[in-house]
Amino acid sequence: MSSTTEIDEVRDAGRPGETRPSRPAPRNEPPARSRKGWRLRLRQDRTLLIMCVPAVGLLAVFAYLPMLGNVIAWQDYSPYVGIANSQFVGWANFERVFTNPLFLDAVVNTLTITAFQLVFFFPVPIMLALFVNGLMTPWLRNVIQSVVYLPHFFSWVLVVTIFQQILGGAGLLNQELGKLGLGGFDMMTNPDTFLLLVTSQAVWKDAGWGMIIFLAALSTVNPEHYEAAALDGAGRWRRMWHVTLPAIRPTIILLLILRLGDSLTVGFEQLILQRGAVGAEVAEVIDTYVYYQGVVNGDWAFAAAAGLVKGLVSLLLVLGANKLAHLFGEAGVYKKA
Amino acid sequence: MSTTTVHESTEPTWFKRTFTAERPPWQERQGPFGLLLKGIATVLVLLAVLLPLYTVVLTSFSGQEAITEAGGLVLVPGELTLAAYRTVLAGGVVTQAAMVSIFVTVVGTSLSVLVSILAAYGLSRPASLWHRPILFTFLITMFFGAGMIPTYLLVSSLGLINTLWSLILPTAVSAFNVLVLRAFFMGIDQSILEAARIDGASDWRILFSLVVPMSKAAIAVVAMFYAVGYFNAFFNAMLYINDNSLWPLQLVLRSYVLQGVELPGGGAVPGDVAGGAPADLAVKMAIMVLAILPILAVYPFVQRHFTKGVIFGAIKG
């Protein structure tokens, strides 16, 4: 998270028209700032602090308080006696998690889906962006952009339902194939094609949205580079290879690293909606497993331990990815792009 | 994303072959083969998104005969009827769920946007007291979530189970959205705000009479993000709402349309509908249309701001 600090510093320092002294780093501060100075600042910035109260309060209750609730992972928790009165059992729940074959299956499924999507989903927004960027007619570009962004705003229930209506056993595709005498396959319940199914759903929903960031990167390319390359006789593909791709390479690397950091998370809602139809052996991911063990089966402490392990590993992965981004010379990322 | 200005021209721009001012050399026209390829790609991309929507909407307006004839979803318009919508909106489960969704979306979005604007402004002044640690508390929530189980236990111990607040409060503040707004606020020309400050305007006044009006685009985008989040949330409702009279639209969609469960209390009230009972599939598709409609209604107004908003948040953050 040091990245944040750095970015902030640079930005704040460059702020035009800011008359306050830019925030000094601790070591540059006047020696032993007096209580009076602190009080004065409190009085000056009181309103700003009050403005933050509602948001911080909501986060404190609904984000930070539950973090403390994770203590049940070390307890023999029972909802009837509550957190305060449940017995502490040490690492027993974590041992159960790591020796549980079903949990390990869920981990494998999660990583499989992530890996598959990395190969077959990740490049799609890039290709879409290159394609849209290459379209010369402004109105057509606008139409395409408006249309491909749209599914991002649909709920997963809706997306899965649409896929079911189109590709399912009684769906449009089957009904058209049936007319040709071919029908009879149901992609929605077939474990063998499940990876393909969830990936194509993700592509349909979010590829257009993912394109935004690449389009932005493409729009920053200096046209003179293209002109120079064109004058040097570079053809369409050479210009793409030597000018366009290098321009978006930082963005690609950045998002790739971020995606790797996020690899324990795959669409939770998407999977829980389809787990029933396809079966747990392929559709059970860590999140759905936690849900079923905890909320459905009532094994709260075990599920909390599993969820905590996942959360911590994810955190490490994201921070590691962030570090990696730095190593590649990228500005730090502290947000989902 | 308007990169090229529109030019008055006797022939359409796509027809020009030569290097012209409005078509820089690196974008010169390609041969007929490339053009054909691009055309096909364009059509495919558009069809992939629009065809499913088209057939869903068309089926929702179709009568039993057209649906039987098509054997399912309708691709060619036949006999059209509003029967499905009359049924769905006759006051049954679906109507109720739509009201719940609208309530949660409107109340939740208002709350979220207000709280986020305040926090974003509170954090937008460089060098203000404690802004860094507060910012940090926001950032942490983007990296590490508490996990589903403790959150569930909290919501349950607060007595929010089976109340609509359980759909609003736990997701009321999104650090991402606050940071998008903050970045936007910080990009405003500070000399204007400084002038107001010197004139004695309070921060409240500066925020609501200067900053907010100047940030309409960013606020619209953030509001849309929140609204879409509330409207689409399905998992929270599945967790926290057992009482199906409090179900939002997404849960009805899942149970009735996706899983084919009979609607409790009958969303379909055939009999009093003029023109006969609507086809079951038409009813299902009508529910889907209801779940898409609000998004389609707002989308055109906010859509053109997306790129700016998202990039602002993602890059400048």
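Within every chain, numbering begins at 1; the chains are lettered A, B, ... in the order of the sequence lines, protein sequences first and strands thereafter.
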Please look at B:Val49 and chain A and tell me whether the side chain, the backbone, both or neither of the residue comes under 4.5 angstrom of a heavy atom of that chain.
both
Counting only heavy atoms closer than 4.5 Å, note whether B:Phe138 contacts chain A via side chain, backbone, both or neither.
both
Can you tell me which portion of A:Ser314 sits under 4.5 Å from chain B's heavy atoms? Options are side chain, backbone, both or neither.
neither
What class does the angle between the rings of A:Trp300 and B:Tyr152 fall in, given that below 30° is parallel, 30 to 60° is tilted and above 60° is perpendicular?
parallel
In short, B:Ala175 meets B:Met142 closest at the heavy-atom pair CB-CG, 3.4 Å
Verify the neighbour count for atom CD of B:Glu69: are there more than 12 heavy atoms of other residues, nucleotides or ligands below 6.0 Å?
no
Side chain from CB out, backbone as N, CA, C, O: work out which of these in A:Leu42 comes under 4.5 Å of a heavy atom of chain B, or both, or neither.
both
Which answer fits A:Gln165, side chain, backbone, both or neither, if we ask what part of it has an atom under 4.5 Å from a heavy atom of chain B?
both
Need one label for B:Leu114: side chain, backbone, both or neither, based on atoms under 4.5 Å from any heavy atom in chain A.
neither
So which part of B:Leu75 gets closer than 4.5 Å to some heavy atom of chain A, the side chain, the backbone, both or neither?
side chain
Euclidean distance, A:Trp38 CH2 relative to B:Leu129 CG, rounded to 0.5 Å
7.5 Å
Cationic tip of A:Lys205 above A:Phe154 ring, under 6.0 Å, 45° of axis
no
Which portion of A:Leu68 sits near chain B, non-hydrogen atoms under 4.5 angstrom:
neither
Is A:Val61 close to chain B through its backbone or its side chain, or both, or neither, when contacts mean heavy atoms under 4.5 Å?
both
What part of B:Leu158 gets closer than 4.5 Å to chain A, counting heavy atoms only: side chain, backbone, both or neither?
side chain
Assert top hit (heavy-atom pairs under 4.5 Å, partner chain B, pool A:Ile72, A:Leu273, A:Ile272, A:Val290) equals A:Leu273
Using non-hydrogen atoms and a 4.5 Å limit, figure out which bit of A:Tyr64 sits close to chain B: side chain, backbone, both or neither.
side chain
Roughly how far, to the nearest 0.5 Å, is CZ of A:Phe153 from CZ of B:Phe225?
5.5 Å
Part of B:Thr42 within contact of chain A (heavy atom distance under 4.5 Å)
both
What part of A:Gln293 gets closer than 4.5 Å to chain B, counting heavy atoms only: side chain, backbone, both or neither?
neither
How long is the gap from CG on A:Leu258 to CG on A:Asn322, to the nearest 0.5 Å?
7.5 Å
Below 4.5 Å from any heavy atom of chain A, which atoms of B:Leu160 appear? Answer side chain, backbone, both or neither.
side chain
What distance separates B:His131 NE2 from A:Asp45 CG, expressed to the nearest 0.5 Å?
10.0 Å
Looking at B:Ser157 and B:Leu154, would you say the former's side chain and the latter's main chain have a donor-acceptor pair under 3.5 Å?
yes
Partner chain A: residue of B:Leu51, B:Thr151, B:Thr171, B:Ile192 with the largest heavy-atom pair count (under 4.5 Å):
B:Thr151
Using a 3.5 Å distance criterion without hydrogens, assess whether the side chain of B:Thr55 forms a donor-acceptor pair with backbone atoms of B:Val74.
yes
Select one option (side chain, backbone, both, neither) describing which atoms of A:Leu312 are under 4.5 Å from chain B's heavy atoms.
both
Does any heavy atom of chain B fall under 4.5 Å from the side chain of A:Pro151, the backbone, both, or neither of them?
side chain
Just checking A:Trp139: does its CH2 atom have more than 12 heavy atoms from other residues, nucleotides or ligands closer to it than 6.0 angstrom?
no
Considering only heavy atoms and a distance below 4.5 Å, find which of A:Val318, A:Thr47, A:Val143 pairs most often with chain B.
A:Thr47
Expected output: side-chain A:Gln164 to main-chain B:Leu258 donor-acceptor under 3.5 Å:
yes
What residue, out of B:Ile292, B:Leu296, B:Val56, B:Leu123, has the most heavy-atom pairs lying under 4.5 Å from chain A?
B:Ile292
Non-hydrogen atoms of chain A under 4.5 Å away: do they reach the side chain of B:Leu153, the backbone, both or neither?
side chain
Determine whether a donor-acceptor pair (N or O, by modelled atom type, separation under 3.5 Å) exists between the side chain of A:Thr251 and the backbone of A:Ala217.
no
Leading residue by heavy atom contact count with chain B [cutoff under 4.5 Å; candidates A:Val147, A:Ile83, A:Val243]:
A:Val147
Portion of B:Leu207 that has a non-hydrogen atom of chain A nearer than 4.5 angstrom
side chain
Counting heavy-atom pairs under 4.5 Å with chain B, the top scorer among A:Ile162, A:Ile166, A:Leu158 is A:Leu158
Name the region of A:Glu269, side chain, backbone, both or neither, that has any atom closer than 4.5 Å to a heavy atom of chain B.
both
To the nearest 0.5 Å, atom CD1 of A:Ile50 lies from atom CG of B:Asp203 at 10.0 Å
